[in-house]
Amino acid sequence: MPRAGILGTGAALPEKVITNADMEKLVDTSDEWITTRTGIKERRQAGPHETTSQLSIQAARKALEMAGVSPTDLDLIICSTISPDMPLPSTSAFIQRGLGAPACCAFDLAAACSGFLFGMTVAEQFILTGKAKYVLVVGAELLSRYIDYSDRSTCVIFGDGVAAGVLGPATPPSGILAAEMHTEGAFADHLYIPAGGTRKPASCETVRAREHYIKMRGNELFKVAVRSLEEVSRRVLDKAQVSAQQIDLFIPHQANQRITDAVRERLGVSAEKVYSNIARVGNTSSASIPICLDECVRSGRLKKGDLVLMAAFGAGVTWGGILMRW
Ligand code: ACO
């Protein structure tokens with residue numbers, strides 16, 4: 001059976017660091033609360049002139065270089081983002097233009113924090129059916145633009161960041177072994193931005209009411225997250241007939257260190273096999289998993305032949321999992 005795999009990765013983080021001490025100056029919070037409740041110590045914030053597509057282009061160039069693939073060889077560009085440059089056109093169009101890629105298909109995908117894994121799964125279908133050879137998948141979020149810095153329940157959690165992967169044909173045993181995608185719209189109001197869409201177009205009133213910012217039911221999401229991450233991990237492991245103990249590396253979406261710890265314990269994966277960078281970057285939504293992946297590849301933590309399990313959940317709610325052999 002032919003397989004699709006990741007040929008190269010790259011990441012781009014804004015330079016500006018916002019520490020928990022900085023957060024203490026903005027809202028009624030403490031380093032102690034943020035650290036013990038979330039595991040986050042600092043996060044990045046894009047400058048006023050940085051855009052989702054600019055950082056995406058930087059990350060994509062690094063991924064293409066590692067893959068040894070030219071932008072002109074790309075057949076498809078998928079940008080997973082819920083914080084696009086503009087409502088129209090797609091951020092992927094700006095990425096395509098910035099990279100100098102040909103007039104291949106390029107579109108955005110909105111699945112929040114699960115978006116990179118959804119994007120990888122879509123890319124896999126194109127590669128396996130022969131519709132595409134090389135696919136660029138970007139996970140890109142500048143959520144700081146949608147964060148209410150007077151709402152302590154959300155502003156401490158999210159950070160900005162972008163990462164990309166170049167997918168293409170892989171030689172077995174390497175490549176994607178199993179993938180799953182799910183959405184449960186019944187929980188759509190657990191995490192949302194009320195205004196700016198067709199339900200509530202932007203107006204002076206929506207701005208005054210701070211309705212262009214993320215609203216979150218953190219407590220409810222926490223429970224859904226633990227349940228869905230465990231379930232989707234088990235499903236991809238079962239599909240590939242691999243036990244949780246056999247995996248070499250587990251990269252969960254970096255939402256909350258307590259969520260990661262709970263899922264790890266339920267799956268029976270040992271702590272040293274779990275990758276976490278939440279202390280340094282916070283929750284970067286769809287960039288979370290590819291940033292981790294890029295750090296693991298570049299530091300040598302992920303080696304050829306390793307079995308890596310990735311699992312994510314996000315607004316929608318969405319959840320997805322991928323098991324691959326590197
Ligand atoms: N500093 C101090 N106190 C705070 C803060 C803060 N930053 N935020 C909330 N609190 C307070 C609350 O007001 C509450 O006070 P009260 O008891 O007087 O009412 C108390 O802390 C406990 O609040 P909880 O919401 O119960 O705290 P919890 O332990 O659940 O932690 C958190 C909150 C961190 C948001 C957690 O629920 C969580 O991580 N949930 C998952 C959220 C998530 O992952 N969202 C992203 C989804 S992915 C995507 O698609 C973008």
Side-chain angles (χ1 to χ4, degrees), residues 18-43 52 80-84 109-119 139-162 181-185 187-194 213-230 232 251-263 276-279 281-292 310-321:
I18 308 279
T19 64
N20 287 350
D22 296 324
M23 283 294 168
E24 287 174 357
K25 292 177 202 142
L26 293 173
V27 285
D28 179 15
T29 191
S30 65
D31 174 45
E32 199 264 333
W33 192 96
I34 303 170
T35 306
T36 54
R37 294 299 189 121
T38 71
I40 300 168
K41 297 299 277 184
E42 58 186 46
R43 70 290 287 148
T52 307
S80 160
T81 187
I82 48 166
S83 45
L109 186 155
C113 307
S114 311
F116 187 78
L117 296 188
F118 277 35
E141 304 292 2
L142 266 57
L143 284 180
S144 63
R145 305 286 211 261
Y146 297 90
I147 294 300
D148 183 347
Y149 285 96
S150 66
D151 174 5
R152 67 178 181 175
S153 69
T154 52
C155 72
V156 300
I157 293 173
F158 295 103
D160 294 339
V162 174
M181 302 188 279
H182 299 273
T183 301
E184 176 57 82
F187 301 124
D189 57 0
H190 279 19
L191 185 61
Y192 67 110
I193 298 173
Y213 294 125
I214 287 177
K215 314 288 177 199
M216 184 175 82
R217 294 187 182 174
N219 230 280
E220 285 95 324
L221 263 181
F222 194 103
K223 292 169 207 147
V224 181
V226 173
R227 201 176 58 234
S228 59
L229 288 172
E230 181 196 0
V232 82
I251 302 181
H253 169 48
Q254 307 288 302
N256 184 317
Q257 190 57 43
R258 289 186 295 138
I259 293 176
T260 294
D261 294 343
V263 175
S276 173
N277 66 5
I278 194 167
V281 296
N283 179 347
T284 56
S285 189
S286 64
S288 158
I289 285 190
I291 292 173
C292 289
M310 299 173 274
F313 81 98
V317 294
T318 57
W319 63 97

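When a ligand or atom number is given, it counts from 1 through the structure's own listing order. Predicted model, so just to flag it, every value in this text is computed and none were measured.
The shortest heavy-atom distance from T38 to ligand 1 is under 4.0 Å. Look at A225 and you'll find every heavy atom at least 4.0 Å from all atoms of ligand 1. Under the 4.0 angstrom criterion for non-hydrogen atoms, R258 is in contact with ligand 1.
Within 4.0 Å of atom 42 (C) of ligand 1, at least one protein heavy atom is present. Atom 18 (O) of ligand 1 is never approached by the protein to below 4.0 angstrom, counting heavy atoms only. Protein heavy atoms come within 4.0 Å of atom 21 (O) of ligand 1. Protein heavy atoms come within 4.0 Å of atom 30 (O) of ligand 1.
The CD1 atom of I18 sits 8.5 Å away from the OG atom of S144 when rounded to the nearest 0.5 Å. Note that the OG atom of S80 and the CG atom of L109 stand 5.5 Å from one another [nearest 0.5 Å]. The distance from atom NZ of K223 to atom CD of E220, rounded to the nearest 0.5 Å, is 6.0 Å. One distance of note links CD1 of I278 with OG of S288; it measures 7.5 Å at 0.5 Å rounding. Of the inter-residue distances, the one linking S285 atom OG with I157 atom CD1 reads 12.0 Å to the nearest 0.5 angstrom. For the atom pair CD (E42) and CE (M23), the distance works out to 11.0 Å, reported to the nearest 0.5 Å.
Within ligand 1, the atoms closer than 4.0 Å to a non-hydrogen atom of A112 are 50 (O), numbered from 1 in the order shown. With ligand atoms numbered from 1 in the order given, ligand 1 contributes 47 (C), 49 (C), 50 (O), 51 (C) to contacts under 4.0 Å with heavy atoms of L191. Using a 4.0 Å cut-off to heavy atoms of I157, the atoms of ligand 1 that qualify are 35 (C). For ligand 1, the atoms closer than 4.0 angstrom to any heavy atom of H253 are 48 (S). Close contacts between ligand 1 and N256 involve ligand atoms 34 (C), 36 (C), 38 (C), 39 (O) [criterion: under 4.0 Å to a heavy atom]. With ligand atoms numbered from 1 in the order given, ligand 1 contributes 27 (O), 28 (P), 29 (O) to contacts under 4.0 Å with heavy atoms of R37. Within ligand 1, counting atoms from 1 as listed, the ones closer than 4.0 Å to a heavy atom of V156 are 7 (N). Counting the atoms of ligand 1 from 1 in the order shown, those under 4.0 Å from a heavy atom of L221 are 45 (N), 47 (C).
The shortest contact between atom 1 (N) of ligand 1 and any protein heavy atom is with T29 OG1, 2.6 Å. Among all non-hydrogen protein atoms, the one lying nearest atom 45 (N) of ligand 1 is M216 SD, 3.2 Å. Protein heavy atom at the shortest distance from atom 33 (C) of ligand 1 is W33 CH2, 3.9 Å. Atom 14 (C) of ligand 1 has R152 NH2, 4.6 Å as its closest protein atom, hydrogens excluded (heavy atom only). Looking only at protein heavy atoms, the nearest one to atom 26 (O) of ligand 1 is N219 ND2, 2.5 Å.
Within the 4.5 Å cutoff, no side-chain heavy atoms of V156 are placed close to those of I40. When side chains are defined from C-beta on, M216 does not count as touching S153, because their heavy atoms never get closer than 4.5 Å. Annotation: side chain of P84 is not in contact with side chain of T52 (no heavy-atom distance under 4.5 Å). With a 4.5 Å cut-off on side-chain heavy atoms, F118 and T318 count as touching. Here the side chains of E141 and T284 are not in contact, with every heavy-atom distance at 4.5 Å or above. A 4.5 Å side-chain heavy-atom check between F222 and R258 finds at least one atom pair inside the cut-off. The side-chain heavy atoms of F313 and H253, taken from C-beta on, include a pair separated by under 4.5 Å.
Counting heavy atoms closer than 4.0 Å to ligand 1, residue N283 contributes side-chain atoms (C-beta onward) but none from N, CA, C or O.
Scanning G39, G115, C113, G218 for the heavy atom closest to atom 51 (C) of ligand 1 points to C113.
Taking the six-membered ring where tryptophan is involved, the planes of H182 and W319 are essentially parallel, since the angle between them stays under 30° and well short of 60°.
Ligand 1 has a nitrogen or oxygen under 3.5 angstrom from a nitrogen or oxygen of A315.
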